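Please read these numbers as outputs of a predicted model, since none were measured by experiment. Residue numbers start from 1 in every chain, and the chains themselves are labelled A, B, ... in the order their sequence lines are given, proteins ahead of strands.
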Amino acid sequence: MKEIDIPKNYDAKTWEDALYQKWKESGLFDPDTCIQAGITDESRPTFSIVLPPPNVTGRLHVGHAAMLAIEDTIVRYHRMKGDRTLWIPGTDHAAVATQSKVEDILWKEEKKTRYDFSREDFLARLAAFAKESRSDIRHQIEKLGSSVDWSREAYTLDSERSLAVRTAFKRMYDDGLIYRGYRTVNWSVKGQSTCSDDELEHIDRKATLSTFRYSKDFPIAIATTRPETKLGDTAVAIHPDDERYKKYIGKVFDIPSFAGGPALSITIIADAMVDPAFGTGAVGITPAHSHTDYDVYLRHKEEIRFTQGGEAVIGQDGRMTDSAGKKYAGLSVADARAKVIDSIRTEGLLEKEEAVDQTVGTSDRFKDVVEVIPMQQWFIDVNKTFSRNGREVSLKELMRESVSSGRVTILPERFTRTYFHWIENLRDWCISRQIWFGHQIPVWYRNDEIFCGVDAPSGEGWRQDEDTLDTWFSSGLWTFSTLGWPDREAKDFKTYHPTTLLETGYDILFFWVARMILMSEYLLEANPFDTVYLHGLVRDAEGRKMSKSLGNIIDPLDVTETHGADALRIALLSGATPGNDVKLSEEKILAMRNFTNKLWNLSRYVAAMSSPSSEKPQVKSDADRYIIDTLSFIQASVTAHLEKYELSLAAEELREFTWSDFADWYVEVHKIEKNDALLRQVFDTLLRLWHPFMPFVTEAIHETLHLNQSPFLMVAPWPHREEKLPAKPGAEAPFELLKDVIIKIRNVRSIYRIDPTRNMRIGVRAGSETILVNNKAVLEAIAHIDAIENIGSDTPENAVLIQAGTLQIFLYLDDVIDKEQELARLNKELEETLKYIEGIKARLSNRAFMDRAPEHVTQAEQSKLETAQEKARELESWIRVILT
RNA sequence: GGGUGAUUAGCUCAGCUGGUUAGAGCGUCACAUUGACAUUGUGAAGGUCACUGGUUCGAGUCCAGUAUCACCCACCA
């Protein structure tokens with residue numbers, strides 16, 4: 001063994017940052033540079049992907065790490081394959097999330113609220129915070145080895161993206177798809193802002209369902225869990241076919257004062273949405289404080305009023321308004337509820353109270369139960385039709401068609417159904433937010449004039465709308481706002497859109513993926529991406545969500561620091577299939593860290609035990625043949641898996657080959673055969689196959705060994721199956737035999753040490769080389785050869801010589817086998833095999849089977865029968881061998 | 001209320017359109033080890049494929065139902 005100065009263990013820390021810097025400085029993350037450098041051909045297909053922009057609220061978590069690992073692996077594969085590969089990084093300003101985070105900090109550190117600042121100053125604080133976060137995030141993305149093109153980095157709130165947002169807004173406004181309307185919205189009292197339906201988190205809670213009448217002479221009792229809203233009721237809805245109440249339809253009842261509060265005028269209407277079997281079969285309608293009631297109101301606009309004349313009964317401060325009457329005005333919702341119940345109970349109007357389970361929507365950002373109140377807000381109308389290529393379509397339809405036509409494929413497929421279901425139930429999207437951080441709505445007012453434009457109108461006295469846009473409005477444009485749109489002639493836009501793949505978590509399918517499809521289909525008449533790969537959540541070893549309160553958060557930076565980015569990446573990838581959650585544990589990371597070290601030590605072996613040679617790699621032995629054949633199979637298989645985004649399977653196969661076939665077996669063979677050129681070639685191929693998964697350790701090895709000419713392994717060509725070496729001429733017959741043996745040996749997972757001092761038991765001799773093997777399971781393999789005859793029985797002592805062509809196999813019987821035991825085992829196996837043969841024969845002579853089974857099945861049966869019969873013959877002859 | 005997924009070894013999971021005796025990793029136990037690597041190697045033990053029916057020559061795999069768990073959606077007020 002040569003002296004080598006490679007440390008025994010792979011130390012990620014000494015390599016990772018330096019390697020990343022080199023990659024970055026080379027500019028090869030940028031496809032344009034790759035083309036200039038002659039690494040990528042301009043005629044190659046493109047592979048483009050945008051990084052789902054992390055929120056600038058703070059540090060990345062392990063879920064981001066999983067996302068980066070998956071995307072980087074795919075991206076690196078395509079880059080090596082020679083595709084014009086573009087991966088655009090960026091960050092999301094995450095409007096509400098970031099603003100509330102900064103508000104928290106300001107309160108904690110300076111005891112100030114945003115109202116202690118001017119809008120301008122407050123936004124400056126936010127910008128500073130975001131800048132800091134972005135730099136942190138950038139650092140973390142790099143730490144994981146992500147090969148993103150930093151020269152194209154984007155931010156959802158920078159000037160280019162702002163232009164895209166204003167342009168998109170104006171187009172939708174001009175088409176009448178964005179409207180300003182007074183209607184019910186979800187209102188977070190705590191956050192003093194709206195939130196969209198998707199931002200609601202539904203929680204279960206107990207509630208009291210109270211059944212009562214508005215007044216003594218009101219003919220119908222109604223049930224509710226929100227008695228305080230009943231102060232604003234304008235109608236009672238019943239089912240059109242409900243015989244009990246049919247006669248009241250269209251009647252109007254005046255209640256002088258409900259529960260000591262305001263006067264109500266209640267119209268009885270018929271609506272099919274009412275379930276006659278629930279409660280009393282009648283629903284009190286409060287159009288101002290319930291989305292469903294609002295929908296009822298829209299259907300019966302002619303018959304009923306929105307409120308009882310005044311304003312809604314609950315205000316933006318979460319308290320009852322003057323319209324709720326003197327008795328209730330100013331009370332909190334909870335207090336008002338108690339008081340209403342109190343009042344109707346004393347009046348004898350309360351008929352029943354029962355406990356029910358109820359789900360209520362809470363703001364996922366502010367955690368308070370949202371109030372439904374009517375407000376003047378901006379909406380995107382998803383149902384309004386507009387003309388598109390000569391037909392009338394709605395945004396909803398565009399979103400549906402993008403997927404149903406197959407232009408967009410969702411992985412896993414089951415989410416397609418979820419997606420359609422969501423579209424069915426989609427309501428207009430409320431896009432205005434009453435916060436300061438974000439894209440201010442590009443609409444200006446002057447007296448009664450209203451102006452929507454990409455830029456502010458000229459002239460004096462215009463005042464811009466103070467609201468900002470829902471953050472998902474700008475992220476919806478992400479696949480093309482990052483590529484130069486609205487300049488339709490931008491080179492990137494023309495080259496890379498639609499993007500090839502969108503990889504993101506299934507939890508934002510609706511928030512983001514659906515919005516991107518909406519925006520892209522509407523603005524560009526194109527799908528934003530061809531395939532959506534939805535990954536799962538990263539959970540802890542027990543399958544729990546990672547959260548601060550459980551204290552089970554794994555910080556990706558900690559892991560890269562201690563075990564290296566490669567170990568973390570591969571731990572996150574293994575077991576990750578689309579749509580399924582991944583469990584991550586310290587043990588898993590350790591196991592993968594061990595694997596990176598295994599690879600590292602293979603490189604030490606290659607460096608120390610082989611020499612670089614100019615010789616062309618050649619297949620010189622059967623072992624060579626086997627390893628090359630297997631490798632070419634693995635190459636093909638890994639490539640196929642990567643094409644289908646089955647990263648976990650690809651990594652698993654590679655790992656199995658690397659550890660069992662290459663490290664545990666072929667390296668041992670090499671110790672006697674010394675086919676250095678081939679060893680190096682195989683290892684080189686292996687490193688390339690591994691590179692997308694474990695970029696750092698493979699690049700580090702490449703830098704040490706330089707097994708190929710590429711400046712970086714990162715841009716070394718992806719191994720293709722065609723690169724298979726030619727077979728050694730004139731070695732066919734015995735060669736095939738030994739290959740068979742070796743394959744069988746491999747299948748029983750036995751290992752061969754070539755150390756004669758150890759109690760080796762079987763020697764396989766091929767030409768002048770002898771391979772010693774020590775597993776009794778190999779006997780089966782030997783038996784296979786035995787079937788080809790030529791059994792000798794002398795040399796050396798206590799051994800049987802089996803010969804097939806030029807191939808000789810020694811079997812050291814006495815060492816190996818307890819004859820009795822082995823005979824029993826063989827007999828048992830023979831018996832089972834015979835039974836199995838009977839079974840197949842029975843099947844083949846079974847009329848029903850032969851009639852109904854498809855031809856390929858009967859053929860398979862036939863060949864199975866032959867195999868089994870052969871096996872039986874082998875077993876029999878092997879038994880004869882032992883008996884002699 | 002509707003939907004989706006899961007249930008296979010002690011643990012985590014593979015198992016493709018049904019086809020021999022259901023596989024792997026981790027863990028456990030035994031053994032080995034001056035050797036590229038103890039971050040190692042060889043081997044062993046370990047399973048009524050959740051349950052009940054059905055289809056089939058044949059079911060872990062397909063169908064129906066049941067149970068348990070998880071998640072998503074939702075206009076029972």
Side-chain angles (χ1 to χ4, degrees), chain A residues 1 4 6 8-10 202 209 222-226 229-230 237 273-275 277-286 290-296 356 358-359 412 414-415 417-418 421-422 424-425 427 506-507 509-510 536-537 541-543 563 567 574-575 577 579-581 583 585 587-588 590-609 648-649 652 655-656 663-664 667-668 671 749-753 755 758-759 774-777 829 832-833 835-837 839-840 842-853 857 860-861 864-865 867-868 871:
Chain A
M1 182 174 166
I4 49 165
I6 303 173
K8 266 179 117 168
N9 294 326
Y10 169 64
H202 293 273
L209 182 68
I222 57 162
T224 186
T225 55
R226 299 284 313 268
T229 65
K230 301 292 112 182
M273 140 274 196
V274 180
D275 175 3
F278 185 85
T280 60
V283 187
I285 300 297
T286 328
S290 153
H291 292 308
T292 53
D293 292 2
Y294 181 76
D295 290 342
V296 172
V356 290
Q358 182 193 35
T359 53
R414 68 184 141 94
F415 279 100
R417 257 166 295 165
T418 322
H421 187 250
W422 177 81
E424 293 310 316
N425 296 310
R427 269 200 296 257
Y506 64 72
D507 49 332
L509 174 63
F510 307 135
L537 266 49
E542 273 80 53
H563 303 307
S574 67
T577 51
N580 285 343
D581 296 348
K583 288 188 187 133
S585 60
E587 294 79 58
K588 197 167 172 186
L590 272 176
M592 297 310 163
R593 194 271 320 265
N594 293 354
F595 182 74
T596 59
N597 199 53
K598 186 79 184 174
L599 213 53
W600 179 255
N601 273 291
L602 278 168
S603 82
R604 291 186 71 224
Y605 176 83
V606 172
M609 306 291 277
S648 178
L649 289 173
E652 197 179 310
R655 187 167 175 272
E656 168 71 16
D664 289 348
V667 164
E668 299 302 325
K671 285 175 185 170
R749 302 183 58 75
S750 59
I751 296 297
Y752 334 110
R753 285 262 177 179
D755 184 347
R758 289 171 57 185
N759 53 343
N774 71 346
N775 187 316
K776 67 177 176 182
E829 181 146 347
E832 278 170 357
T833 308
K835 221 167 91 187
Y836 174 54
I837 290 172
I840 302 178
R843 224 169 294 153
L844 286 173
S845 60
N846 182 315
R847 251 253 182 71
F849 172 71
M850 294 307 283
D851 286 352
R852 290 189 211 174
V857 172
E861 288 295 314
K864 272 182 218 160
L865 178 65
T867 317
K871 186 177 172 189

*Asks:* Can you tell me how far C1' in G54(B) sits from the matching atom in C75(B), rounded to whole Å?
*Replies:*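 My reading of the C1' atoms in G54(B) and C75(B) gives 40 Å.
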*Asks:* Please report the interatomic distance CZ(R655(A)) to CD(E652(A)), rounded to the nearest 0.5 Å.
*Replies:*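 If we round to the nearest 0.5 Å, R655(A):CZ and E652(A):CD are 8.5 Å apart.
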*Asks:* Given the C1' atoms of G25(B) and A14(B), what is the spacing between them in whole Å?
*Replies:*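 It works out to 10 Å between them.
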*Asks:* In this structure, how many angstroms lie between the P atom of G25(B) and the CG atom of D664(A), rounded?
*Replies:*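 The distance from CG of D664(A) to P of G25(B) comes to 11 Å, rounded to the nearest Å.
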*Asks:* Using the C1' atom in both, what is the distance from U68(B) to U52(B), to the nearest Å?
*Replies:*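 That atom pair is separated by 15 Å.
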*Asks:* Using whole Å, report how far CG of N594(A) lies from C1' of U39(B).
*Replies:*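 Nearest whole value for this atom pair: 4 Å.
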*Asks:* Could you run down nucleotides 69-77 of chain B 5' to 3' and tag each one B, S or - for protein heavy-atom contact under 4.0 Å?
*Replies:* ----SBBBB
*Asks:* Going by the rule ring pair (Phe, Tyr, Trp, His ring centres under 6.0 Å), which residues pair with Y506(A) if we only count those two or more places apart in sequence or in a different chain?
*Replies:*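 Listed in chain order: F415(A).
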*Asks:* Using purine N1 to pyrimidine N3 plus N6-O4 or O6-N4 for Watson-Crick, or N1-O2 and O6-N3 for G-U wobble, each under 3.5 Å, what pairs with U12(B)?
*Replies:*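 Here U12(B) is engaged in a pair, and the nucleotide opposite it is A24(B).
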*Asks:* Run the side chain to side chain donor-acceptor pair (under 3.5 Å) test against T225(A) and tell me which residues pass, sequence neighbours left out.
*Replies:*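 If we apply the side chain to side chain donor-acceptor pair (under 3.5 Å) test to T225(A), skipping adjacent residues, the hits are Q358(A).
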*Asks:* Please state how far atom NE2 in H563(A) lies from atom C1' in U39(B), giving the value in whole angstrom units.
*Replies:*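 So the two atoms are 11 Å apart, to the nearest Å.
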*Asks:* Any N or O donor-acceptor pair linking the side chain of K8(A) to the base of C37(B) at under 3.5 Å?
*Replies:*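 No, no donor-acceptor pair under 3.5 Å.
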*Asks:* Is K588(A) near enough to C11(B) that one of its side-chain N or O atoms lies under 4.0 angstrom from OP1 or OP2?
*Replies:*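 Answer no for this pair, as no side-chain N or O of K588(A) is under 4.0 Å from OP1 or OP2.
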*Asks:* Distance check needed: C37(B) P versus N597(A) CG, whole Å only.
*Replies:*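 Between P of C37(B) and CG of N597(A): 10 Å.
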*Asks:* Checking all strands, does R414(A) fall into the base, sugar-phosphate, or nothing category for heavy-atom contacts under 4.0 angstrom?
*Replies:*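 Result for R414(A) = sugar-phosphate.
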